[in-house]
Asker: 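To start, I am sharing the structure in question, which I have written as structure tokens.
Naming convention: chains lettered A, B, ... in sequence-line order (proteins, then strands); numbering from 1 in each chain.
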2 protein chains.
Amino acid sequence: MLAFVNAPTIGRVSTETTRAQTPTPGEAPTPDQAADASEAGPKRRQARGERRIAQLLEAAGHVFAESGYSATTTNAIAARAGVSPGSLYQYFPNKDAIAAALAESYADSLDELLTPFAVVDPTAVTLEQALGASLPPIVDFHRAHPACLALFIGGNAPGHIMDLQQPLMARTHARIAALLTLYAPQLPSERLQLGASVTLAAYKGVLPLLVESPEELVPELTEQLKDLLVGYLDRLLANGD
Amino acid sequence: MLAFVNAPTIGRVSTETTRAQTPTPGEAPTPDQAADASEAGPKRRQARGERRIAQLLEAAGHVFAESGYSATTTNAIAARAGVSPGSLYQYFPNKDAIAAALAESYADSLDELLTPFAVVDPTAVTLEQALGASLPPIVDFHRAHPACLALFIGGNAPGHIMDLQQPLMARTHARIAALLTLYAPQLPSERLQLGASVTLAAYKGVLPLLVESPEELVPELTEQLKDLLVGYLDRLLANGD
DNA sequence: GGAGATTACGAGTGATTGCTCGCATTCGTC
DNA sequence: GACGAATGCGAGCAATCACTCGTAATCTCC
């Protein structure tokens with residue numbers, strides 16, 4: 001389940017943040033690898049391999065969500081996926097790459113869920129209506145993929161992992177800013193950027209509540225999240241005359 | 001600087017979450033320690049020791065804020081404080097205890113900053129005025145102690161560390177709920193609890209923005225945070241008739 | 001059904017790190 | 001100035017964990 005299987009950018013990930021496992025660095029590297037897999041090596045892969053990648057990413061999502069990034073071991077991910085550690089490292093060069101693949105998958109999904117913000121007609125739909133329609137699927141996504149929140153939204157993992165959230169956040173920020181532009185074209189851009197940042201931050205703050213709440217509270221809480229954002233944005237647009 | 005020095009509950013911290021470092025567990029423990037330091041062992045301590053504790057906690061705050069909990073090594077804390085690892089372990093039984101001491105210190109400070117919420121006169125001061133007066137010192141505190149946010153508010157460290165934030169969060173939630181009760185006594189308690197949770201979550205969400213922003217943006221952002229909370233609470237109180 | 005590539009395994013390796021231990025130094029007190 | 005207690009040191013231990021490697025099973029394609 002869940003279309004993780006689209007084989008993200010695996011293979012050219014951080015080759016220097018990892019622990020240097022080279023005991024004798026004085027030895028010159030054999031120069032045949034430069035022409036071998038220099039740039040365009042999409043890697044032959046069987047259907048079984050694709051399935052394994054999906055299994056591994058799903059398992060990683062669960063373990064990361066339960067334990068956070070640094071506390072999860074690659075062996076735990078492999079065990080949860082029902083494979084050996086060696087097999088895991090056939091598909092991912094290191095632990096970071098697993099998180100990176102997850103991040104890319106999540107970013108793609110969320111980007112799709114945020115597209116409605118770009119095509120709203122402000123003369124036909126109020127801001128409240130737009131949010132009321134768009135928020136529930138986003139909430140559902142986060143409840144289905146808690147690792148997204150735990151790792152890439154507000155989580156504090158080691159530096160290079162945090163970098164992965166930046167593109168997603170930048171895109172989300174842009175979506176919000178675009179939405180604000182639609183509803184308040186006269187707002188000075190500086191204020192609009194600030195408003196988008198605050199809106200995004202508030203949204204990120206309430207998400208954990210929504211993800212950890214029992215199922216039956218979700219509609220009510222989603223409504224409250226909408227109220228929070230609309231309440232703020234109303235004030236922002238009113239003060240910006 | 002910074003009055004950390006009030007010697008928190010060090011010495012009776014988690015004695016089981018640590019790695020079992022006893023090679024031969026068959027050996028029976030000498031029974032004289034049960035009567036020795038069973039419950040009330042406040043530990044004789046010189047002024048020098050208090051100073052070291054303060055140094056260590058301050059250093060820990062910096063390192064934790066920079067690297068997060070699990071990425072910081074106890075040796076790094078000791079080095080930053082200018083002491084040897086052995087000295088660190090004279091004052092703290094383990095890494096967790098350092099974080100716990102920090103958490104207690106932060107919780108005390110924040111609790112004090114939140115007391116204004118308990119003594120507001122709703123007939124003389126509007127909700128907006130109350131927040132406008134109380135938020136800036138809280139923001140200043142978090143900017144002065146970034147580790148508080150990184151470790152205990154929204155951070156995802158290994159489990160037992162997350163437990164430390166719960167008392168602080170519970171107290172903050174109670175303060176907000178009390179404030180809401182003052183301004184909307186007719187609101188059903190269920191809705192009031194929910195509103196307090198959402199308010200707290202939104203506040204937690206915007207804090208990182210405030211801590212990481214350059215100095216000159218802080219007043220403006222604090223104003224936006226106030227708008228966010230007031231905008232939501234206005235709606236909450238209006239819908240609750 | 002055979003050749004070559006891909007997949008799978010899992011015990012092992014080396015680096016990291018929380019923490020200890022024996023011993024030296026300084027402090028408080030008489 | 002002398003005694004015990006508190007403080008201070010830092011090399012090193014033991015456990016953990018990301019990652020490797022030799023080898024064997026399985027797939028693809030002829």
Side-chain angles (χ1 to χ4, degrees), chain A residues 7 10-11 13-25 37 41-56 60 63 67-79 81-99 158 160-161, chain B residues 7 10-11 13-25 41-56 60 63 67-79 81-99 157-158 160-161:
Chain A
I10 298 169
V13 222
S14 64
T15 51
E16 52 138 57
T17 48
T18 348
R19 292 190 222 186
Q21 197 92 357
T22 323
T24 56
K43 197 76 175 282
R44 284 277 301 157
R45 184 153 284 150
Q46 302 180 352
R48 194 168 32 142
E50 304 281 352
R51 239 177 294 135
R52 279 278 183 255
I53 291 182
Q55 282 177 33
L56 285 166
V63 184
S67 315
Y69 179 77
S70 29
T72 62
T73 69
T74 54
N75 286 14
I77 295 175
V83 299
S84 77
S87 295
L88 184 151
Y89 281 95
Q90 178 154 45
Y91 299 105
F92 300 96
N94 52 46
K95 190 180 170 184
D96 288 6
I98 304 173
H160 37 293
I161 299 300
Chain B
I10 300 167
V13 223
S14 66
T15 51
E16 51 138 63
T17 48
T18 349
R19 294 189 223 185
Q21 198 90 358
T22 324
T24 56
K43 195 77 174 280
R44 284 276 300 157
R45 184 154 283 150
Q46 302 180 353
R48 196 172 23 146
E50 304 280 353
R51 238 177 293 132
R52 280 280 184 251
I53 292 182
Q55 280 177 35
L56 285 166
V63 185
S67 315
Y69 179 77
S70 30
T72 64
T73 69
T74 54
N75 287 12
I77 295 176
V83 298
S84 76
S87 295
L88 185 151
Y89 281 95
Q90 178 154 43
Y91 299 105
F92 299 96
N94 51 49
K95 189 180 170 186
D96 287 7
I98 304 173
H160 36 292
I161 300 300

Asker: Can you name the residues that form a side chain to side chain contact (heavy atoms under 4.5 Å, CB included) with Thr73(A), not counting sequence neighbours?
Answerer: Asn75(A), Ala76(A)
Asker: Minimum heavy-atom separation for Tyr69(B) to Lys95(B), with atom names?
Answerer: O-NZ, 3.1 Å
Asker: Heavy atoms only: give me the nearest Arg45(A)-Gln90(A) pair and the separation to one decimal.
Answerer: NH2-O, 4.4 Å
Asker: Using whole Å, what does the distance between atom C1' of nucleotide dG8(D) and atom CZ of Arg48(B) come to?
Answerer: 8 Å
Asker: What does Ser70(B) touch in the nucleic acid at a heavy-atom separation under 4.0 angstrom: a base, only the sugar-phosphate, or nothing?
Answerer: nothing
Asker: Starting from C1' on dC27(D), measure out to CZ on Arg45(A) and report it in whole angstrom.
Answerer: 15 Å
Asker: On DNA chain C, does the nearest nucleotide to Thr72(B) precede the nearest nucleotide to Gly82(A) from the 5' side, or the other way round? Give the residue.
Answerer: Gly82(A)
Asker: Looking at side-chain heavy atoms only, is the closest gap between Ile53(A) and Phe92(A) below 4.5 Å?
Answerer: yes
Asker: If you check the Arg52(B) side chain, which of dG8(D), dC9(D), dC19(D) turns out closest?
Answerer: dG8(D)
Asker: Of the nucleotides dT17(C), dC19(C), dC19(D), which one has an atom closest to the side chain of Thr74(A)?
Answerer: dC19(D)
Asker: Without decimals, in angstroms, what is the distance between Leu88(A) CG and dC21(D) P?
Answerer: 16 Å
Asker: In chain order, what residues pass the side chain to side chain contact (heavy atoms under 4.5 Å, CB included) check against Ser70(A), with sequence neighbours excluded?
Answerer: Pro158(A), Ser70(B)
Asker: To the nearest Å, give me how far apart CD (Gln90(A)) and C1' (dT26(D)) are.
Answerer: 12 Å
Asker: When you get a sec, tell me which of dG8(D), dT6(C), dA8(C) is the closest nucleotide to the side chain of Ser87(A)?
Answerer: dA8(C)
Asker: So which nucleotide from dG8(D), dT17(C), dC19(D) ends up closest to the side chain of Lys95(A)?
Answerer: dC19(D)
Asker: Base, sugar-phosphate alone, or nothing: which one does Gly49(A) contact when heavy atoms must sit under 4.0 Å apart?
Answerer: sugar-phosphate
Asker: Just report the end-to-end axis angle for the helix from dG1(C)-dC30(D) to dC30(C)-dG1(D), five pairs per end, to 10 degrees.
Answerer: 30°
Asker: Assign each of Gln46(B) and Asn75(B) to its nearest nucleotide of DNA chain C by heavy atoms, then name whichever residue's nucleotide is nearer the 5' end.
Answerer: Asn75(B)
Asker: From OH of Tyr69(A) over to P of dC17(D), roughly how many Å is that when rounded to an integer?
Answerer: 14 Å
Asker: Between dT17(C), dT7(D), dT7(C), which nucleotide gets closest to the side-chain atoms of Thr73(B)?
Answerer: dT17(C)
Asker: Answer yes or no: is there a side-chain heavy-atom contact under 4.5 Å between Leu88(B) and Leu56(B)?
Answerer: yes
Asker: Between C1' on dC9(C) and CG on Leu56(A), what's the gap in Å once rounded to a whole number?
Answerer: 14 Å
Asker: When you check the phosphate oxygens OP1 and OP2 of dT20(C), does a side-chain N or O of Tyr89(B) lie under 4.0 Å from one of them?
Answerer: no
Asker: Is any side-chain nitrogen or oxygen of Ser84(A) closer than 4.0 Å to OP1 or OP2 of dG10(C)?
Answerer: no
Asker: Counting only side-chain heavy atoms from C-beta out, which of dC19(D), dC27(D), dC19(C) sits nearest to Pro85(B)?
Answerer: dC19(C)
